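Submitted below is the structure of interest, expressed as structure tokens.
Everything quoted here is computed from the prediction, not taken from an experiment. Naming convention: chains lettered A, B, ... in sequence-line order (proteins, then strands); numbering from 1 in each chain.
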2 protein chains.
Amino acid sequence: MPDTPRLLDAIDRRILGELCQKADLSFAELGERVGLSAPATHERVKRLRADGRIKGTTAQLDGPAIGKPLLAFVHVDTSGWGKSPELMNLTELPELEEMHSVTGDTCMLLKVRLQSSQALEGFLSRLYKVTGVRATRSYVALSTYLERGVQAGISEELLETPDPSIGFVEP
Amino acid sequence: MPDTPRLLDAIDRRILGELCQKADLSFAELGERVGLSAPATHERVKRLRADGRIKGTTAQLDGPAIGKPLLAFVHVDTSGWGKSPELMNLTELPELEEMHSVTGDTCMLLKVRLQSSQALEGFLSRLYKVTGVRATRSYVALSTYLERGVQAGISEELLETPDPSIGFVEP
DNA sequence: AATGAAATTACCGCCCT
DNA sequence: AGGGCGGTAATTTCATT
């Protein structure tokens, strides 16, 4: 299975664009939107899955509506680096949604969605029991203005050479 | 429309647990897993949608496989507060996946997925053009160990009173 | 265009107020 | 008696060849 089996054409992108917003379309409906017959569309989607472009389809749950009104991002400073088995154990907690190692002043970035601030305290307490965890910094979400999965589109705009006369620095 | 129309029972939670992992099960299959007939399961799912527990279903795209290998979290310092129309314009960029206002030393937290580091530069450049944006700090993901949507489960573990003898502080 | 599977509706019965 | 909920059967829509 090659890494980039085939190139995506315009129709593939439109299919991905539709499916990442609403995955429960019928193939007939999806085909109509992209200008293909149902079976042809089905074939495309099967290919996109086989090529690993589409990893699967999931239901989007509403955090507050299922009892998890609190969203937080936790930066973690560790003494060691990367994937420790102990750290990976946290993965079993359904409250943990993301775990990335990142560049910058911290090593690990976690995204957690919790029942309450008490649960956040419980989570941090759990985190500090992991050997190698030095310190944490938490950012609690006050409002979420946008939250969605990977989008198919790509902006030309961002690839333009930035105007050097404007200039910016990260401190 | 009441905020919490009905309470979730054990079967609802199991349905949510299945669907947030794999939303393209047949109702027959899903029903088998939770111990209900297909129509009864369908009824439950319809209710969970109507009550806003399930917001929709989406395809999970693979970032690298669709040409976006770079994931970054950008903390933004703004002079004003909250939702400015100018900031909300960024929402149109498919590279922007999340935007939250957060507690802590920065005001806004963004999640972006991009084609390249050049595109990240382009994005930051675009960001600095928004009035009120003072400074940014970017965390680029080196490895993603876990990335998933809202999970249905809730850990009892985190609600236990933390052992006060351990103790921890956020600096 | 045809076949088989699945979603969806209709309708009936049970249980617990 | 009635409302909520689940089961079976019938129908329509959709996936798949």
Is it true that K111(B) and E97(A) have a side-chain N and a carboxylate O under 4.0 angstrom from each other?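 Here K111(B) does not pair with E97(A) in a salt bridge, since their nearest N and O are not under 4.0 Å apart.
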Which listed nucleotide (dG6(D), dT9(C), dA1(C)) is nearest to the side chain of R44(B)?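 Looking only at heavy atoms from C-beta outward on R44(B), the closest nucleotide is dG6(D).
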What integer distance in Å separates I11(B):CD1 from dG7(D):P?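 The distance from CD1 of I11(B) to P of dG7(D) comes to 9 Å, rounded to the nearest Å.
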Residues E29(B) and R33(B) bridged, charged N to O under 4.0 Å: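 Salt bridge: yes.
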Rounded to whole angstrom units, what separation is found between the NZ atom of K46(A) and the P atom of dA15(D)?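 Taking atom P of dA15(D) as the reference, NZ of K46(A) is at 13 Å.
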With respect to the side chain of F27(B), which nucleotide from dT16(D), dT8(C), dT8(D) is positioned closest?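 Of the options given, the side chain of F27(B) lies nearest dT8(C).
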Just how far, in rounded Å, is P of dA5(C) from CG of L25(B)?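 Between P of dA5(C) and CG of L25(B): 18 Å.
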Could you state the atom-to-atom distance from CD of E43(B) to P of dT8(C) in whole Å?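 Atom-to-atom, E43(B) to dT8(C), this comes out as 11 Å.
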Flag the pair E157(B) / E92(A) as yes when at least one side-chain heavy-atom distance between them is below 4.5 Å, and no otherwise.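 No; the side chains remain at least 4.5 Å from each other.
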Respond yes when some side-chain nitrogen or oxygen of H42(B) is under 4.0 Å from OP1 or OP2 of dA7(C), and no when none is.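 The answer is no; no side-chain N or O of H42(B) sits under 4.0 Å from OP1 or OP2.
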From dC5(D), dA9(D), dT16(D), pick the nucleotide closest to the side chain of P39(B)?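 The nucleotide sitting nearest to the side chain is dA9(D).
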If I take atom CD in residue E29(A) and atom C1' in nucleotide dA15(D), what distance separates them, rounded to the nearest angstrom?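 It works out to 15 Å between those atoms.
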From dC14(D), dC5(D), dT16(D), nucleotide with atom closest to S26(A) side chain: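 Given the options dC14(D), dC5(D), dT16(D), the side chain of S26(A) is closest to dC14(D).
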Between dA5(C) atom P and D24(B) atom CG, what is the distance in whole Å?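 Those two atoms, CG and P, are 18 Å apart.
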Can you measure from CZ (F73(A)) to CD (E98(B)) and round to the nearest 0.5 angstrom?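 Those atoms lie 5.0 Å apart.
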OP1 or OP2 of dC5(D) under 4.0 Å from side-chain N/O of R47(B):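 Checking dC5(D) against R47(B), a side-chain N or O does come within under 4.0 Å of OP1 or OP2.
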